[in-house]
Each structure stands twice: as structure tokens, then as C-alpha cells.
Amino acid sequence: MHTEPAYSEIFLTRCAFVIYGKKVYKSFSDRLPLEGAKEVLDFGCGMGTVAYYTLKRLESGRLTCLDISERWLKACRKTLRDFPDVSFINDRAALENDCFDIIYCHFVLHDIQESELEEAIPDLVRALKCGGVLVFREPLKEVQKLVTIKRLLSENGLILKDSRITDVPLMGNSLESVYMKA
């Protein structure tokens, strides 16, 4: 069951964005392969913390922000109000087949129940173009969830291209991985 975030959570996220934005969110966005015209999906966009930095680098592409929370999407629209090439959706059922070059998830997948991941990951893979990449950053302490995520990505035909462990301010050691759709 989906619940909306507390306003205090949104406030604390906005504070983290202001204080740690470059170290946390920009550093992740900087690793996204955004060269050339791209269709990009921010899955679980929250208030648009990564999207903000991604849009600064996305020269001729388009970004779609997806979050199941209307409250987060409202905050995201506010964060990204100065960027014209953004669309917002709140249901992954609206994703079309083979439409994204890049899908990224920043500290989202570990919060999704395993049964829901079993539906969400195939939907994301379906929406990814051949040769497209799915990039995620998740807390390393969520070992069991990471095992599930990696298993589901592999079972759905994605191939691991790159992976690294990094220390993220406020969030601790994290796994960043890039998977490609063959």
C-alpha cells in the first residue's frame, strides 16, 4: 500500500538537496551517460534532486519523472520549474515499450517490496530501448534487497556493465551499478 511522504520528509530532503546536492545528487547524475539526444526516465524521482542536475547536462534530450506519490511529484515540479523538457507521470503502466535510452533510480529500489519489484523491474526493462542502460544507486547495507534487484535485472535480460561502491554523505556506503539491455 502506498502512503504519501510526511511534509517533514519533504522538508528534510529539500534541506539535504540544498546542503549536500553536489556531493550526493550531482555526483550520481555526473555518472549518467547522457551524451547526445536521449530519452531519460527518473524512476522514483521524489522531489527531483537528481533530475535537477541531470537536466543541466541533458542538452537535447527529454526527461520523464515518475513517482507514485502526488506529493513528491508536486515537490518535483517545483524543483524543476525552470526546465521545459520534462514530463511527469505517476504510474509505470503509462510507460511505453522501448522508449528510454537511460533509466535511473537513486535510492528507490530498496524501498519497494519484493513482490512489487517483481512487477516493476520487468516494466522498466520493457520501457528500455535496446542498447539502453539502467543505472541505480542503493545503500550497501540493504544486502538482501540488492541480491533481489540484481537477480531480477539479470532474469529480465539486462547485462551488468559497471559497478562500484561509493560513500555517499548522509547515506553511507552505496552500490552504483550500470546494466545494459542487449
Side-chain angles (χ1 to χ4, degrees), residues 22 24-46 48-68 72-73 76 79-80 83-112 114-140 142 145-166 168 174-182:
K22 289 185 178 174
V24 175
Y25 309 109
K26 184 180 183 299
S27 69
F28 179 72
S29 175
D30 284 348
R31 293 189 35 84
L32 298 174
L34 298 176
E35 299 78 29
K38 301 285 184 186
E39 291 295 322
V40 180
L41 174 66
D42 182 337
F43 181 75
C45 63
T49 52
V50 175
Y52 176 83
Y53 292 105
T54 299
L55 284 163
K56 288 179 169 259
R57 296 183 50 229
L58 193 61
E59 295 175 10
S60 59
R62 182 161 181 78
L63 179 68
T64 300
C65 293
L66 186 154
D67 204 295
I68 61 172
W72 277 127
L73 281 176
C76 187
T79 301
L80 305 179
F83 298 97
D85 291 326
V86 184
S87 57
F88 302 90
I89 57 176
N90 70 347
D91 185 355
R92 69 174 193 276
L95 298 175
E96 296 179 19
N97 292 348
D98 306 313
C99 60
F100 293 104
D101 299 289
I102 300 169
I103 296 174
Y104 66 85
C105 316
H106 187 264
F107 282 88
V108 172
L109 299 175
H110 73 280
D111 282 333
I112 300 174
E114 188 168 333
S115 60
E116 183 66 17
L117 274 176
E118 303 239 0
E119 296 175 16
I121 287 180
D123 287 346
L124 293 176
V125 173
R126 178 183 50 77
L128 198 58
K129 292 178 183 176
C130 187
V133 296
L134 186 145
V135 183
F136 71 79
R137 179 192 267 178
E138 295 293 336
L140 201 54
E142 297 284 345
K145 191 61 74 95
L146 285 169
V147 168
T148 299
I149 292 165
K150 294 188 313 186
R151 175 183 56 80
L152 289 168
L153 291 171
S154 178
E155 286 176 359
N156 284 279
L158 296 189
I159 300 163
L160 179 63
K161 294 312 246 177
D162 188 28
S163 201
R164 75 178 190 146
I165 296 173
T166 184
V168 179
S174 303
L175 177 67
E176 290 181 14
S177 294
V178 178
Y179 282 80
M180 187 173 92
K181 184 174 182 179

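Nothing fancy with the numbering, it's 1 onward along the sequence. The figures that follow rest on heavy atoms only: side chains count, while hydrogens, waters and symmetry mates do not.
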Test: Lys129 and Asp98 ion pair at under 4.0 Å: no

Rounded to the nearest 0.5 Å, what separates atom CG in Asp30 from atom NZ in Lys56? 11.5 Å

Between Tyr52 and Phe83, is any pair of side-chain heavy atoms under 4.5 Å apart? yes

What pair of heavy atoms forms the shortest contact from Leu117 to Pro122, and how long is it? O-CD, 3.9 Å

Do Val133 and Pro33 have side chains that get closer than 4.5 Å, going by heavy atoms? yes

Are the aromatic rings of Tyr25 and His106 close, with centres under 6.0 Å apart? yes

Any heavy-atom pair between the side chains of Arg164 and Arg31 that's under 4.5 Å? yes

Hey, mind stepping through Leu34 and Thr54 against side chain to side chain contact (heavy atoms under 4.5 Å, CB included) and telling me if it holds? CA-CA 8 Å; Leu34 298 176; Thr54 299; 3.7 Å; yes

If every non-hydrogen atom of Thr79 is compared with every non-hydrogen atom of Gly48, which pair is closest and at what distance? CG2-O, 3.8 Å

If only atom types and distance count, is the side chain of Asp85 paired as donor or acceptor with the main-chain N or O of Arg62 below 3.5 Å? no

d(Asn156 CG, Leu124 CG) to nearest 0.5 Å is 9.5 Å

Taking atom CD1 of Ile121 and atom CG of Leu152, what is their separation to the nearest 0.5 Å? 4.5 Å

Would a 4.5 Å heavy-atom cut-off, applied to side chains only, mark Val135 and Tyr179 as touching? no

Can you confirm whether Asp42 sits close enough to Thr64 that some side-chain heavy atom of one is under 4.5 Å from a side-chain heavy atom of the other? no

Side chains of Ser174 and Thr166, donor plus acceptor under 3.5 Å: no

Lys150 with Glu138: basic N within carboxylate O range, under 4.0 Å: no

Look only at the side chain of Arg126 and the backbone of Leu95, and say whether a donor-acceptor pair between them is shorter than 3.5 Å. yes

Is there a side chain to side chain contact (heavy atoms under 4.5 Å, CB included) between Leu73 and Cys45? Walk through the geometry before answering. CA-CA 8 Å; Leu73 281 176; Cys45 63; 3.8 Å; yes

Identify the two heavy atoms, one from Ser29 and one from Tyr53, that lie closest to each other, and give their separation to 0.1 Å. OG-C, 3.4 Å

Within the structure provided, determine whether Ser163 and Val178 are in side-chain contact (heavy-atom separation under 4.5 Å). no

Might you work through the side chain to side chain contact (heavy atoms under 4.5 Å, CB included) test for Ser177 and Leu160, ending with a clear yes or no? CA-CA 7 Å; Ser177 294; Leu160 179 63; 4.1 Å; yes

So, are Lys145 and Glu114 salt-bridged, with charged N and O less than 4.0 Å apart? no

Ion pair present between Glu59 and Lys38, side-chain N to carboxylate O less than 4.0 angstrom? no

Show the nearest heavy-atom pair for residues Phe28 and Cys105, with the distance to one decimal. CZ-O, 4.0 Å

Under-4.0 Å salt bridge between Arg137 and Glu176: yes

So, does Ser27 use its side chain to make a donor-acceptor pair with the main chain of Val24 at under 3.5 Å? yes

Check whether any side-chain heavy atom of Leu41 sits under 4.5 Å from a side-chain heavy atom of Leu128, and report yes or no. no

Provide the closest heavy-atom pair for Lys22 versus Lys26 in the form atom of the first, atom of the second, distance. O-CB, 3.4 Å

Drop me the distance from Leu175's CG to Ile165's CD1, to the nearest 0.5 angstrom. 6.5 Å

Side chain to side chain, Cys76 and Asp67, heavy atoms closer than 4.5 Å: no

Heavy atoms only: give me the nearest Gly44-Val108 pair and the separation to one decimal. O-CG2, 3.3 Å

Using the rule given for side chain to side chain contact (heavy atoms under 4.5 Å, CB included), can you reason through Leu134 versus Tyr104, listing the C-alpha separation, both sets of side-chain angles and the distance that settles it, and then say yes or no? CA-CA 6 Å; Leu134 186 145; Tyr104 66 85; over 6 Å; no

Please round to the nearest 0.5 Å and tell me the distance separating atom CG of Leu58 and atom CD of Glu39. 8.5 Å

